[in-house]
Amino acid sequence: MGPRGVGHNADFDWDDFDPDAYYAHNYRQLRDDDRYIIERVRDHFADAFGDQVPGRPLRGIDVGTGSNLYPALTMLPFCAELTLFERSQNNVLWLKNQKSNEFPSWVDSWCEFWKVLEQRKAYREVGDPPAELAARMEAIQGNVYELKADPPYDLGTMFFVAESITEEESEFRSGMDHFLDALRPGAPFAIAFMEHSSGYAVADLQFPATDIDRAKVDDCLKGRVQGKLLIERIGRGDKPVRNGYTGMLIALGRVNSKG
């Protein structure tokens with residue numbers, strides 16, 4: 001089934017999203033652009049915590065996980081609890097099935113992603129990553145526009161979500177704000193984006209995108225960041241993951257207190 005309306009998040013059939021098709025196309029093999037993003041996020045979180053596992057348990061959240069586990073893996077050494085917050089029922093079921101079977105997809109792909117992460121000490125200290133991820137994660141179905149956290153989370157990720165669930169810029173900004181509002185002041189975060197995306201297909205379904213660039217991301221994060229904000233662009237390269245985008249962006253920082 002295609003979109004019932006035009007442009008808004010609610011106009012699309014998110015429960016029909018095909019996580020197996022999305023995983024096979026995007027994450028069955030480690031791409032160079034994802035490798036670069038993983039390296040930057042790994043170093044951002046390891047530097048934030050002094051490359052040491054914190055002495056107190058932390059809570060992390062990945063918003064819009066889908067069938068992409070590497071954002072959660074970047075937070076794994078530092079979190080006693082990991083919430084994978086996902087809108088699509090199919091995606092939630094995929095995540096729960098992966099968890100209950102201690103990630104059968106690990107040997108197919110995620111072990112290669114982990115090899116990039118374990119170049120830093122904190123990640124090497126995770127003895128059995130798939131078992132630890134299964135023990136610490138919980139997949140929760142929910143809408144990012146209704147996301148609230150009490151207490152707020154200690155670190156968070158949101159990869160290819162805010163701009164990939166709507167064509168409306170106001171909804172893109174709302175998704176960003178709800179994610180940041182779910183994090184405590186000072187919490188390190190990582191957000192990844194598709195630059196100038198015109199939308200994308202998963203299996204035989206078409207999904208929307210907001211046309212964003214570095215300037216829009218910077219404007220959206222203005223006033224929400226404590227200290228330095230880093231936004232980097234990653235080009236498409238000679239083997240783009242799909243048509244209809246010009247590159248990727250990664251934003252790294254710490255959340256400021258709101259207002």
*Examine the side chains of Thr246 and Glu195 and answer whether a donor and an acceptor come within less than 3.5 Å of each other.*
yes
*Report the residues that fulfil side-chain hydrogen bond (donor to acceptor under 3.5 Å, both in side chains) with Ser197, sequence neighbours left out, ordered by chain and then residue number.*
Arg242
*Would you kindly say whether Thr166 and Glu171 are connected by a side-chain donor-acceptor distance under 3.5 Å?*
yes
_Side chains of Arg42 and Gln119 only: does a donor on one sit below 3.5 Å from an acceptor on the other?_
yes
*Quick one: does Glu125's side chain get under 4.5 Å of Pro77's, heavy atoms only?*
no
*asked:* Taking Phe12 as the starting point, is it possible to reach Tyr245 by hopping between hydrophobic residues whose side chains are less than 4.5 Å apart?
replied: yes
*asked:* Please check this pair: side chain of Arg136 against backbone of Leu76, looking for a donor-acceptor N/O pair closer than 3.5 Å.
replied: yes
*Would you say Lys99's side chain and Met137's backbone share a donor-acceptor pair under 3.5 angstrom?*
yes
*asked:* What I'd like to find out is whether the side chain of Phe189 reaches to under 4.5 Å of the side chain of Thr157, using heavy atoms alone.
replied: no
_Arg173/Glu169 ion pair, N-O < 4.0 Å_ = yes
*asked:* Quiz question: by atom type and distance under 3.5 Å, do the side chains of Tyr36 and Glu232 form a donor-acceptor pair?
replied: yes
*So, Asp13 side chain and Asp16 main chain: donor-acceptor pair closer than 3.5 Å or not?*
no
*Between Trp114 and Leu73, which heavy-atom pair has the shortest distance, and what is it?*
CZ3-O, 3.7 Å
_For the backbone of Gly253 and the side chain of His44, can you confirm whether one donor and one acceptor N or O come within less than 3.5 Å of each other?_
yes
*Given Tyr123 and Phe78, is the ring-ring contact (aromatic ring centres under 6.0 Å, His included) satisfied, shown in steps?*
CA-CA 9 Å; Tyr123 297 88; Phe78 314 106; 5.7 Å; yes
*Pair Arg120 + Asp47: basic N to acidic O under 4.0 Å*: yes
*Ile212 side chain near Phe172 side chain, heavy-atom distance below 4.5 Å*: yes
*Main-chain N/O of Ser170 paired with Ser174 side-chain donor or acceptor, under 3.5 Å*: no
*Kindly compute the distance separating NE2 (His25) from CG (Asp18), expressed to the nearest 0.5 Å.*
12.5 Å
*What is the distance from atom OG1 of Thr74 to atom CG of Leu155, rounded to the nearest 0.5 Å?*
7.5 Å
*Is the shortest distance from a Lys or Arg side-chain nitrogen in Lys216 or Asp213 to a carboxylate oxygen in the other one below 4.0 Å?*
no
_Any donor-acceptor N or O pair under 3.5 Å, side chains Ser109, Tyr23_ = yes
*Going by distance alone, is a donor N or O of one side chain under 3.5 Å from an acceptor N or O of the other, for Arg31 and Asn26?*
no
*Are Ile165 and Val92 linked, directly or through other ILVMFWY residues, by side chains that come within less than 4.5 angstrom of each other?*
no
*asked:* Is any side-chain heavy atom of Phe193 closer than 4.5 Å to one of Met248?
replied: no
*Are any of the side-chain nitrogens in Glu81 or Arg59 under 4.0 Å away from the carboxylate oxygens of its partner?*
yes
*Is any side-chain heavy atom of Arg184 closer than 4.5 Å to a side-chain heavy atom of Val255?*
no
_Donor-acceptor pair, distance only, cut-off 3.5 Å: does the side chain of Glu112 make one with the backbone of Leu30?_
no
*Could you tell me which non-hydrogen atom of Pro188 sits nearest to which non-hydrogen atom of Phe49, and how far apart they are?*
CG-CZ, 4.0 Å
_Name the residue from Thr65, Asp15, Asn9 that meets the side chain to side chain donor-acceptor pair (under 3.5 Å) definition with Arg87._
Asn9
*Residues in ring pair (Phe, Tyr, Trp, His ring centres under 6.0 Å) contact with Phe113, at least two apart in sequence or another chain*: Tyr70, Trp110
*Are side-chain heavy atoms of Arg224 and Asp181 found at a separation under 4.5 Å?*
yes
*Are any of the side-chain heavy atoms of Ile61 and Leu147 separated by less than 4.5 Å?*
yes
*What pair of heavy atoms forms the shortest contact from Ser67 to Pro19, and how long is it?*
OG-O, 2.9 Å
*asked:* Looking at every non-hydrogen atom in both residues, tell me the closest pair between Pro129 and Trp106 and how far apart they are.
replied: CB-CH2, 3.5 Å
_Please say yes or no: joined through hydrophobic side-chain contacts below 4.5 Å, possibly via intermediate residues, are Phe17 and Leu93 part of one cluster?_
no
*Over all atoms of both residues, closest heavy-atom pair of Asn97 and Asn101*: O-ND2, 2.9 Å
*Would you say Leu252 and Phe45 make side-chain contact, with heavy atoms under 4.5 Å?*
no
*Over all atoms of both residues, closest heavy-atom pair of Phe85 and Val144*: CE2-N, 3.8 Å
*His196 side chain to Thr210 backbone, donor-acceptor under 3.5 Å*: no
*Between Asp218 (side chain) and Arg214 (backbone), is there a donor-acceptor pair under 3.5 Å?*
no
